[in-house]
Amino acid sequence: MSKLGNLGARLHRGEIGYDFIKNRKIWYGLSILITITAILGLAVRGLNMGIEFQGGAVFTTPKNVSVSVSQAEEYAETASGHDAIVQGLGDGSLRIQVAGIETDKANEIKSQLSDDLKVDAEQINAELVGPSWGEQIANKAWQGLGIFLILVVIYLAIAFEWRMALAAFVALIHDITITVGIYALVGFEVTPGTVIGLLTILGYSLYDTVVVFDSLKEQTKDLTKQTRWTYSDVANRSINSTLVRSINTTVVALLPVAGLLFIGGGVLGAGMLNDISLSLFVGLAAGAYSSIFIATPLVADLKEREPAMKALKKRVLAKRAQAAAKGETEVQGDDEAYADEPEDAAPAVVGPRNQPASRTRGRGRPSGKRR
(Lines give C-alpha, C1' and ligand atoms only; values in the text may rest on other atoms or scores of the structure.)
Protein backbone atom coordinates (compact mmCIF):
# COMPACT_ATOMS: atom_id res chain seq x y z
CA MET A 1 0.00 0.00 0.00
CA SER A 2 1.26 3.50 -0.82
CA LYS A 3 2.15 5.92 1.95
CA LEU A 4 -0.90 8.06 1.15
CA GLY A 5 -3.16 5.01 1.12
CA ASN A 6 -1.72 3.84 4.43
CA LEU A 7 -2.25 7.31 5.89
CA GLY A 8 -5.87 7.29 4.72
CA ALA A 9 -6.47 3.86 6.27
CA ARG A 10 -4.98 4.97 9.60
CA LEU A 11 -7.07 8.16 9.54
CA HIS A 12 -10.20 6.15 8.80
CA ARG A 13 -9.54 3.74 11.68
CA GLY A 14 -8.86 6.64 14.05
CA GLU A 15 -5.27 5.64 14.78
CA ILE A 16 -4.06 9.15 13.93
CA GLY A 17 -5.78 12.44 13.27
CA TYR A 18 -5.80 16.20 13.54
CA ASP A 19 -8.10 18.09 15.87
CA PHE A 20 -9.99 20.30 13.42
CA ILE A 21 -12.82 21.07 15.84
CA LYS A 22 -10.53 22.27 18.62
CA ASN A 23 -8.93 24.84 16.31
CA ARG A 24 -12.18 25.93 14.69
CA LYS A 25 -11.81 29.55 15.83
CA ILE A 26 -8.63 29.80 13.74
CA TRP A 27 -10.49 28.56 10.65
CA TYR A 28 -13.43 30.87 11.33
CA GLY A 29 -11.09 33.84 11.66
CA LEU A 30 -9.21 32.95 8.47
CA SER A 31 -12.46 32.57 6.53
CA ILE A 32 -13.79 35.88 7.84
CA LEU A 33 -10.57 37.62 6.79
CA ILE A 34 -10.69 36.14 3.28
CA THR A 35 -14.40 36.92 2.94
CA ILE A 36 -13.92 40.55 4.03
CA THR A 37 -11.11 40.93 1.47
CA ALA A 38 -13.37 39.51 -1.23
CA ILE A 39 -16.24 41.83 -0.29
CA LEU A 40 -13.93 44.87 -0.29
CA GLY A 41 -12.64 43.89 -3.72
CA LEU A 42 -16.19 43.56 -4.96
CA ALA A 43 -17.21 46.92 -3.47
CA VAL A 44 -14.15 48.84 -4.69
CA ARG A 45 -13.53 47.35 -8.12
CA GLY A 46 -16.87 45.78 -8.96
CA LEU A 47 -17.43 43.04 -11.50
CA ASN A 48 -16.35 43.31 -15.11
CA MET A 49 -19.65 42.27 -16.67
CA GLY A 50 -19.55 40.88 -20.20
CA ILE A 51 -21.71 42.08 -23.03
CA GLU A 52 -24.12 39.21 -22.39
CA PHE A 53 -25.18 41.15 -19.27
CA GLN A 54 -24.61 44.74 -20.40
CA GLY A 55 -25.44 44.54 -24.07
CA GLY A 56 -23.04 45.60 -26.82
CA ALA A 57 -21.27 44.24 -29.88
CA VAL A 58 -18.47 41.81 -30.70
CA PHE A 59 -16.45 42.33 -33.88
CA THR A 60 -14.27 39.53 -35.25
CA THR A 61 -11.68 40.49 -37.85
CA PRO A 62 -10.33 38.26 -40.64
CA LYS A 63 -7.13 36.24 -40.15
CA ASN A 64 -3.66 37.71 -40.00
CA VAL A 65 -4.60 41.34 -39.42
CA SER A 66 -1.43 43.43 -39.42
CA VAL A 67 -2.43 45.39 -36.30
CA SER A 68 -1.36 44.74 -32.71
CA VAL A 69 -3.87 44.10 -29.94
CA SER A 70 -3.09 47.39 -28.21
CA GLN A 71 -3.45 49.36 -31.44
CA ALA A 72 -6.76 47.64 -32.25
CA GLU A 73 -8.01 48.47 -28.76
CA GLU A 74 -7.17 52.13 -29.31
CA TYR A 75 -9.00 52.12 -32.67
CA ALA A 76 -12.09 50.49 -31.13
CA GLU A 77 -12.28 52.93 -28.22
CA THR A 78 -11.93 55.90 -30.55
CA ALA A 79 -14.63 54.59 -32.88
CA SER A 80 -17.11 53.69 -30.15
CA GLY A 81 -16.38 56.18 -27.40
CA HIS A 82 -16.45 53.28 -24.90
CA ASP A 83 -13.90 50.99 -23.33
CA ALA A 84 -13.04 48.05 -25.53
CA ILE A 85 -11.58 44.59 -24.89
CA VAL A 86 -9.46 43.09 -27.66
CA GLN A 87 -8.23 39.49 -27.69
CA GLY A 88 -5.90 37.85 -30.18
CA LEU A 89 -7.26 34.51 -31.36
CA GLY A 90 -5.21 31.48 -32.34
CA ASP A 91 -5.78 31.87 -36.08
CA GLY A 92 -4.40 35.42 -36.13
CA SER A 93 -7.76 37.20 -36.04
CA LEU A 94 -8.88 39.68 -33.41
CA ARG A 95 -11.96 39.66 -31.21
CA ILE A 96 -13.04 43.21 -30.37
CA GLN A 97 -15.67 43.58 -27.71
CA VAL A 98 -17.44 46.86 -26.98
CA ALA A 99 -20.07 46.92 -24.22
CA GLY A 100 -22.79 49.44 -23.55
CA ILE A 101 -23.41 50.63 -27.12
CA GLU A 102 -26.70 50.90 -28.95
CA THR A 103 -27.44 48.45 -31.72
CA ASP A 104 -27.82 51.15 -34.39
CA LYS A 105 -24.29 52.42 -33.67
CA ALA A 106 -22.70 49.04 -34.40
CA ASN A 107 -22.66 49.59 -38.18
CA GLU A 108 -20.92 52.95 -37.73
CA ILE A 109 -18.24 51.36 -35.52
CA LYS A 110 -17.80 48.50 -37.96
CA SER A 111 -17.24 50.92 -40.83
CA GLN A 112 -14.71 52.93 -38.84
CA LEU A 113 -12.85 49.78 -37.82
CA SER A 114 -12.61 48.61 -41.41
CA ASP A 115 -10.92 51.89 -42.34
CA ASP A 116 -8.53 51.83 -39.35
CA LEU A 117 -7.63 48.15 -39.71
CA LYS A 118 -7.47 48.40 -43.52
CA VAL A 119 -9.77 45.44 -44.14
CA ASP A 120 -13.02 45.07 -46.07
CA ALA A 121 -16.06 45.81 -43.89
CA GLU A 122 -17.75 42.67 -45.20
CA GLN A 123 -14.92 40.58 -43.71
CA ILE A 124 -15.61 41.88 -40.19
CA ASN A 125 -18.21 39.73 -38.43
CA ALA A 126 -20.44 41.66 -36.01
CA GLU A 127 -22.52 40.03 -33.25
CA LEU A 128 -24.98 42.30 -31.45
CA VAL A 129 -26.48 41.82 -27.98
CA GLY A 130 -29.30 44.06 -26.82
CA PRO A 131 -29.28 45.39 -23.23
CA SER A 132 -32.74 43.94 -22.52
CA TRP A 133 -31.54 40.45 -23.40
CA GLY A 134 -28.53 40.87 -21.11
CA GLU A 135 -30.82 41.94 -18.28
CA GLN A 136 -32.92 38.82 -18.77
CA ILE A 137 -29.81 36.65 -18.63
CA ALA A 138 -28.72 38.30 -15.37
CA ASN A 139 -32.15 37.84 -13.79
CA LYS A 140 -32.29 34.18 -14.79
CA ALA A 141 -28.81 33.65 -13.33
CA TRP A 142 -29.90 35.07 -9.97
CA GLN A 143 -33.11 33.04 -10.06
CA GLY A 144 -31.22 29.85 -10.81
CA LEU A 145 -28.80 30.49 -7.95
CA GLY A 146 -31.63 31.24 -5.51
CA ILE A 147 -33.59 28.12 -6.49
CA PHE A 148 -30.46 26.00 -6.13
CA LEU A 149 -29.76 27.26 -2.60
CA ILE A 150 -33.38 26.78 -1.50
CA LEU A 151 -33.46 23.19 -2.80
CA VAL A 152 -30.14 22.46 -1.08
CA VAL A 153 -31.42 23.65 2.30
CA ILE A 154 -34.68 21.69 1.95
CA TYR A 155 -32.89 18.51 0.91
CA LEU A 156 -30.33 18.64 3.72
CA ALA A 157 -32.97 19.47 6.31
CA ILE A 158 -34.93 16.36 5.26
CA ALA A 159 -31.99 14.00 4.71
CA PHE A 160 -30.05 15.10 7.80
CA GLU A 161 -31.29 17.94 10.03
CA TRP A 162 -31.72 21.70 10.00
CA ARG A 163 -28.35 22.34 11.70
CA MET A 164 -26.50 20.55 8.92
CA ALA A 165 -28.62 22.37 6.34
CA LEU A 166 -27.70 25.71 7.92
CA ALA A 167 -24.00 24.82 8.08
CA ALA A 168 -23.98 23.73 4.42
CA PHE A 169 -25.78 26.94 3.42
CA VAL A 170 -23.17 29.05 5.23
CA ALA A 171 -20.39 27.10 3.51
CA LEU A 172 -21.97 27.65 0.08
CA ILE A 173 -22.37 31.39 0.66
CA HIS A 174 -18.74 31.41 1.82
CA ASP A 175 -17.64 29.76 -1.45
CA ILE A 176 -19.72 32.08 -3.66
CA THR A 177 -18.48 35.22 -1.91
CA ILE A 178 -14.82 34.27 -2.18
CA THR A 179 -15.10 33.26 -5.85
CA VAL A 180 -16.99 36.40 -6.88
CA GLY A 181 -14.63 38.59 -4.84
CA ILE A 182 -11.58 37.12 -6.55
CA TYR A 183 -13.25 37.73 -9.91
CA ALA A 184 -13.56 41.38 -8.96
CA LEU A 185 -9.94 41.60 -7.77
CA VAL A 186 -8.52 39.85 -10.85
CA GLY A 187 -10.77 41.76 -13.25
CA PHE A 188 -11.80 38.78 -15.38
CA GLU A 189 -14.92 39.21 -17.45
CA VAL A 190 -18.16 37.76 -16.08
CA THR A 191 -20.02 35.79 -18.75
CA PRO A 192 -22.66 33.02 -18.77
CA GLY A 193 -19.68 30.65 -18.56
CA THR A 194 -18.85 32.20 -15.19
CA VAL A 195 -22.37 31.49 -13.93
CA ILE A 196 -22.09 27.89 -15.11
CA GLY A 197 -18.79 27.61 -13.26
CA LEU A 198 -20.34 28.97 -10.05
CA LEU A 199 -23.20 26.47 -10.16
CA THR A 200 -20.72 23.67 -10.85
CA ILE A 201 -18.51 24.45 -7.87
CA LEU A 202 -21.56 24.76 -5.60
CA GLY A 203 -22.54 21.23 -6.54
CA TYR A 204 -19.01 19.99 -5.89
CA SER A 205 -18.80 21.76 -2.54
CA LEU A 206 -22.15 20.33 -1.52
CA TYR A 207 -21.03 16.81 -2.46
CA ASP A 208 -17.89 17.09 -0.36
CA THR A 209 -19.91 18.41 2.59
CA VAL A 210 -22.55 15.68 2.35
CA VAL A 211 -19.85 12.98 2.43
CA VAL A 212 -18.65 14.25 5.81
CA PHE A 213 -22.20 14.79 7.09
CA ASP A 214 -23.20 11.24 6.14
CA SER A 215 -20.27 9.82 8.08
CA LEU A 216 -21.13 12.09 11.02
CA LYS A 217 -24.77 11.04 11.02
CA GLU A 218 -23.82 7.36 11.00
CA GLN A 219 -21.34 7.68 13.85
CA THR A 220 -23.58 9.74 16.15
CA LYS A 221 -26.39 7.19 16.43
CA ASP A 222 -27.17 6.58 20.11
CA LEU A 223 -24.35 8.92 21.04
CA THR A 224 -26.00 10.01 24.28
CA LYS A 225 -26.04 6.41 25.57
CA GLN A 226 -22.29 6.44 26.21
CA THR A 227 -19.86 8.64 28.11
CA ARG A 228 -16.68 8.18 26.07
CA TRP A 229 -17.01 10.76 23.34
CA THR A 230 -18.60 14.17 22.84
CA TYR A 231 -20.28 15.25 19.61
CA SER A 232 -17.17 17.27 18.71
CA ASP A 233 -15.00 14.17 19.14
CA VAL A 234 -17.10 12.21 16.67
CA ALA A 235 -17.29 15.17 14.26
CA ASN A 236 -13.52 15.30 14.33
CA ARG A 237 -13.39 11.58 13.53
CA SER A 238 -15.75 12.10 10.57
CA ILE A 239 -13.50 14.79 9.08
CA ASN A 240 -10.34 12.73 9.52
CA SER A 241 -11.87 9.55 8.14
CA THR A 242 -12.81 11.31 4.87
CA LEU A 243 -9.82 13.68 4.74
CA VAL A 244 -7.65 11.78 2.24
CA ARG A 245 -10.67 11.18 0.03
CA SER A 246 -11.45 14.89 -0.02
CA ILE A 247 -7.83 15.77 -0.81
CA ASN A 248 -7.64 13.22 -3.62
CA THR A 249 -10.87 14.31 -5.30
CA THR A 250 -9.96 17.99 -4.98
CA VAL A 251 -6.48 17.55 -6.49
CA VAL A 252 -7.80 15.39 -9.34
CA ALA A 253 -10.49 17.99 -10.09
CA LEU A 254 -8.08 20.94 -9.86
CA LEU A 255 -5.44 19.55 -12.26
CA PRO A 256 -7.48 19.78 -15.50
CA VAL A 257 -9.00 23.09 -14.40
CA ALA A 258 -5.51 24.45 -13.76
CA GLY A 259 -4.57 23.35 -17.27
CA LEU A 260 -7.49 25.33 -18.70
CA LEU A 261 -6.68 28.41 -16.62
CA PHE A 262 -2.90 28.64 -16.76
CA ILE A 263 -2.10 26.92 -20.05
CA GLY A 264 -5.23 27.48 -22.12
CA GLY A 265 -5.97 30.99 -20.88
CA GLY A 266 -2.48 32.16 -19.91
CA VAL A 267 0.00 30.55 -22.30
CA LEU A 268 -2.16 29.95 -25.37
CA GLY A 269 -4.14 33.16 -24.94
CA ALA A 270 -7.59 31.61 -25.21
CA GLY A 271 -9.23 34.27 -23.10
CA MET A 272 -12.71 32.75 -23.25
CA LEU A 273 -11.43 29.82 -21.14
CA ASN A 274 -10.80 32.22 -18.26
CA ASP A 275 -14.55 32.78 -17.88
CA ILE A 276 -15.26 29.33 -16.52
CA SER A 277 -11.83 28.06 -15.46
CA LEU A 278 -11.15 30.76 -12.82
CA SER A 279 -14.51 30.23 -11.13
CA LEU A 280 -13.93 26.47 -11.15
CA PHE A 281 -10.37 26.71 -9.83
CA VAL A 282 -11.16 29.10 -6.98
CA GLY A 283 -14.50 27.50 -6.20
CA LEU A 284 -13.19 23.93 -6.04
CA ALA A 285 -10.43 24.95 -3.63
CA ALA A 286 -12.81 27.05 -1.50
CA GLY A 287 -15.39 24.25 -1.51
CA ALA A 288 -12.93 21.67 -0.21
CA TYR A 289 -11.77 24.11 2.47
CA SER A 290 -15.28 25.02 3.62
CA SER A 291 -16.40 21.38 3.83
CA ILE A 292 -13.57 20.55 6.22
CA PHE A 293 -12.93 23.76 8.14
CA ILE A 294 -16.32 25.52 8.13
CA ALA A 295 -19.34 23.24 7.67
CA THR A 296 -18.54 20.40 10.08
CA PRO A 297 -17.10 22.56 12.90
CA LEU A 298 -20.19 24.77 12.62
CA VAL A 299 -22.46 21.73 12.94
CA ALA A 300 -20.53 20.68 16.06
CA ASP A 301 -20.98 24.17 17.55
CA LEU A 302 -24.73 24.13 16.85
CA LYS A 303 -25.27 20.58 18.11
CA GLU A 304 -23.43 21.11 21.38
CA ARG A 305 -25.84 23.92 22.21
CA GLU A 306 -28.57 21.29 22.65
CA PRO A 307 -29.37 20.37 26.28
CA ALA A 308 -28.78 16.66 25.60
CA MET A 309 -25.36 17.28 24.05
CA LYS A 310 -24.44 19.73 26.82
CA ALA A 311 -25.27 17.06 29.39
CA LEU A 312 -23.30 14.46 27.42
CA LYS A 313 -20.26 16.71 27.25
CA LYS A 314 -20.48 17.31 30.99
CA ARG A 315 -20.61 13.56 31.69
CA VAL A 316 -17.74 12.83 29.30
CA LEU A 317 -15.50 15.48 30.83
CA ALA A 318 -16.34 14.26 34.32
CA LYS A 319 -15.50 10.68 33.34
CA ARG A 320 -12.21 11.78 31.79
CA ALA A 321 -11.32 13.79 34.88
CA GLN A 322 -12.06 10.75 37.02
CA ALA A 323 -9.89 8.55 34.78
CA ALA A 324 -7.06 11.11 34.85
CA ALA A 325 -7.20 11.17 38.63
CA LYS A 326 -6.73 7.40 38.65
CA GLY A 327 -3.77 7.70 36.31
CA GLU A 328 -5.60 6.04 33.40
CA THR A 329 -5.45 7.13 29.75
CA GLU A 330 -8.36 8.87 28.13
CA VAL A 331 -8.73 6.36 25.32
CA GLN A 332 -8.25 3.16 27.30
CA GLY A 333 -10.45 4.15 30.20
CA ASP A 334 -11.96 1.86 32.82
CA ASP A 335 -13.01 -1.54 31.45
CA GLU A 336 -15.86 -2.02 33.89
CA ALA A 337 -17.15 1.53 33.49
CA TYR A 338 -17.39 1.20 29.71
CA ALA A 339 -18.26 -2.49 29.45
CA ASP A 340 -21.90 -1.92 28.45
CA GLU A 341 -21.36 1.12 26.21
CA PRO A 342 -21.22 1.10 22.38
CA GLU A 343 -17.75 1.45 20.86
CA ASP A 344 -18.72 2.37 17.30
CA ALA A 345 -18.55 6.13 17.89
CA ALA A 346 -14.87 6.91 18.41
CA PRO A 347 -12.94 10.11 17.81
CA ALA A 348 -9.71 10.53 15.92
CA VAL A 349 -6.75 10.93 18.22
CA VAL A 350 -3.27 12.25 17.66
CA GLY A 351 -0.71 9.46 17.82
CA PRO A 352 -1.17 5.69 17.96
CA ARG A 353 -4.40 4.44 19.41
CA ASN A 354 -4.53 1.77 22.10
CA GLN A 355 -6.49 -1.42 21.56
CA PRO A 356 -10.13 -1.33 22.76
CA ALA A 357 -10.63 -2.57 26.26
CA SER A 358 -12.85 -5.45 25.09
CA ARG A 359 -9.90 -6.93 23.18
CA THR A 360 -7.37 -6.64 26.00
CA ARG A 361 -9.60 -7.73 28.82
CA GLY A 362 -8.48 -10.94 30.50
CA ARG A 363 -5.13 -11.24 28.73
CA GLY A 364 -2.47 -12.92 30.85
CA ARG A 365 -5.05 -14.64 33.07
CA PRO A 366 -5.88 -18.34 32.61
CA SER A 367 -9.59 -17.92 33.08
CA GLY A 368 -9.91 -14.48 31.37
CA LYS A 369 -11.88 -13.23 34.37
CA ARG A 370 -11.08 -10.49 36.84
CA ARG A 371 -10.00 -11.43 40.33
Side-chain angles (χ1 to χ4, degrees), residues 4 7-8 11-12 17-42 145 148-149 152-153 156 160 163-186 188 194 197-216 232 235-258 260-262 276-302 348:
L4 186 60
L7 175 63
L11 283 168
H12 184 75
Y18 179 78
D19 199 342
F20 292 95
I21 306 299
K22 180 181 179 181
N23 299 310
R24 61 189 180 277
K25 291 183 178 180
I26 298 176
W27 319 133
Y28 292 164
L30 182 60
S31 293
I32 291 173
L33 179 62
I34 296 174
T35 303
I36 291 175
T37 303
I39 293 174
L40 288 176
L42 185 61
L145 181 60
F148 176 85
L149 293 176
V152 163
V153 172
L156 290 178
F160 298 98
R163 295 169 186 82
M164 291 185 176
L166 177 60
F169 179 79
V170 172
L172 291 176
I173 296 299
H174 167 272
D175 299 341
I176 294 175
T177 305
I178 291 177
T179 305
V180 174
I182 290 180
Y183 249 88
L185 291 172
V186 174
F188 279 10
T194 306
L198 283 174
L199 294 176
T200 302
I201 61 105
L202 290 180
Y204 179 90
S205 175
L206 180 64
Y207 165 78
D208 219 21
T209 302
V210 167
V211 168
V212 182
F213 282 179
D214 186 63
S215 174
L216 180 58
S232 292
N236 208 49
R237 168 67 182 269
S238 299
I239 298 175
N240 280 279
S241 63
T242 59
L243 183 61
V244 172
R245 176 180 177 177
S246 298
I247 294 174
N248 286 338
T249 54
T250 301
V251 171
V252 169
L254 283 176
L255 286 176
V257 175
L260 286 174
L261 179 61
F262 298 110
I276 188 171
S277 59
L278 179 63
S279 62
L280 287 175
F281 187 83
V282 176
L284 289 175
Y289 172 85
S290 65
S291 299
I292 297 172
F293 296 97
I294 302 299
T296 309
L298 185 56
V299 170
D301 275 340
L302 294 174

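Worth saying up front: this structure is predicted, and the values here are computed from it rather than measured. Only this structure's heavy atoms are used, side chains among them; waters, hydrogens and symmetry mates stay out.
Partners of Arg163 under the salt bridge (charged side-chain N to carboxylate O under 4.0 Å, His left out) rule, at least two apart in sequence or in another chain, are Glu161, Glu306. Every side-chain contact (heavy atoms from CB on, under 4.5 Å) that Leu166 has, sequence neighbours left out, goes to Trp162, Val170, Leu302.
For the atom pair OH (Tyr289) and CG (Leu30), the distance works out to 4.0 Å, reported to the nearest 0.5 Å. Rounded to the nearest 0.5 Å, atoms OG (Ser232) and CZ (Arg24) are 5.5 Å apart. Rounded to the nearest 0.5 Å, atoms OG1 (Thr209) and CG (Leu216) are 12.0 Å apart. Distance CG/Leu280 to OG1/Thr194: 9.5 Å, rounded to 0.5 Å. To the nearest 0.5 Å, atom OH of residue Tyr183 and atom CD1 of residue Ile178 are 15.0 Å apart. Distance check, rounded to the nearest 0.5 Å: OG1 of Thr179 to CZ of Phe281 gives 11.5 Å.
Using a 4.5 Å heavy-atom threshold, the side chains of Ser291 and Ser246 count as separate. In this structure the side chain of Asn240 reaches within 4.5 angstrom of the side chain of Phe20, judged on heavy atoms.
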> Stepwise, does the side-chain contact (heavy atoms from CB on, under 4.5 Å) test hold for Ile39 with Thr177?
Replying inline: CA-CA 7 Å; Ile39 293 174; Thr177 305; 3.8 Å; yes

Identify every side-chain donor-acceptor pair in residues 197-204 under 3.5 Å, counting partners at least two apart or on other chains, and give the distances.
{"from": "Thr200", "atom 1": "OG1", "to": "Ile196", "atom 2": "O", "distance (Å)": "2.8"}
{"from": "Tyr204", "atom 1": "OH", "to": "Thr249", "atom 2": "O", "distance (Å)": "3.4"}
{"from": "Tyr204", "atom 1": "OH", "to": "Thr249", "atom 2": "OG1", "distance (Å)": "3.4"}
{"from": "Tyr204", "atom 1": "OH", "to": "Thr250", "atom 2": "N", "distance (Å)": "3.1"}
{"from": "Tyr204", "atom 1": "OH", "to": "Thr250", "atom 2": "OG1", "distance (Å)": "3.2"}

